[in-house]
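Working notes, beginning with the structure itself.
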Amino acid sequence: MKKNIVLIGLMGSGKSMIARALHESLRIPSFSIDSMIEEQEGRKVREIFELRGETYFRNLEHAVVKELSVKTAVIIDCGGGIVLNPENIALLRKNGIIVHLQASPETIVARLKGDTSRPLMNVPNPLAAIRAISEVRLPLYNQADLTIDANDPSIEGPVAQILSRIK
Ligand code: S3P
């Protein structure tokens, strides 16, 4: 069985860009959980949070994880909060290698400056918010099979590391 590549990490850690590069290099399908939710709901993630709340979004996220976790040989680009439900990681691990793209709160804030698409960052002090999120999630992200430093804006290093691990 060819394993899935499951990308996890904080928002802005480069998951989507790295997923695209892996898709081009490996020529295997790539799925973005956030995009699937947006397509299904006909709304952007930010609007889903505003109109229906976070719990509603997390339930949708879990349903998409169930659907994707049975696939093989695909790339799965997860939203940053995927680790909050332990069942998600257990499901994704069945057929997948879990890759954590690790970036510091400072990197994330600098990268997402001016980007209003992340509801959890649309707060007066985004650095404090991402530090708090990071503290809660780091032990959860550490369940990954592979952790890669994603602080450098270039994605070449992380992509090469992932490719060398799976080939
Ligand atoms: C979230 C991350 C976002 C998106 C939503 C919640 C989070 O995805 O799912 O805004 O809780 O960290 P990205 O990690 O792709 O930005």
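In listed order, ligands and their atoms are each counted from 1.
- A side-chain donor-acceptor contact under 3.5 Å links N4 to the backbone of A73.
- Residue contacts with ligand 1, taken as heavy atom pairs separated by less than 4.0 Å, do not involve L84 at all.
- In terms of polar-atom proximity, defined here as any N/O pair under 3.5 Å, V45 makes no such contact with ligand 1.
- Residue R58 holds the heavy atom nearest to atom 6 (C) of ligand 1 of all those in R118, R46, R58.
- Side-chain contact between L138 and H100: present, with at least one pair of heavy atoms (C-beta onward) separated by less than 4.5 Å.
- Every atom of ligand 1 with a heavy atom of G79 under 4.0 Å away is listed here by number and element: 8 (O), 9 (O), 14 (O).
- With salt bridges taken as basic N to acidic carboxylate O contacts below 4.0 Å, one links R93 and D145.
- Counting heavy atoms under 4.0 Å from ligand 1, residue M121 does not touch it at all.
- Residue contacts with ligand 1, taken as heavy atom pairs separated by less than 4.0 Å, involve K15 solely via side-chain atoms from C-beta onward.
- Those atoms of ligand 1 with a heavy atom of P119 less than 4.0 angstrom away are 10 (O).
- Among all protein heavy atoms, the one lying closest to atom 9 (O) of ligand 1 is D34 OD1, 2.8 Å.
- Contact between R137 and ligand 1 is present, with at least one heavy atom of the residue lying under 4.0 Å from the ligand.
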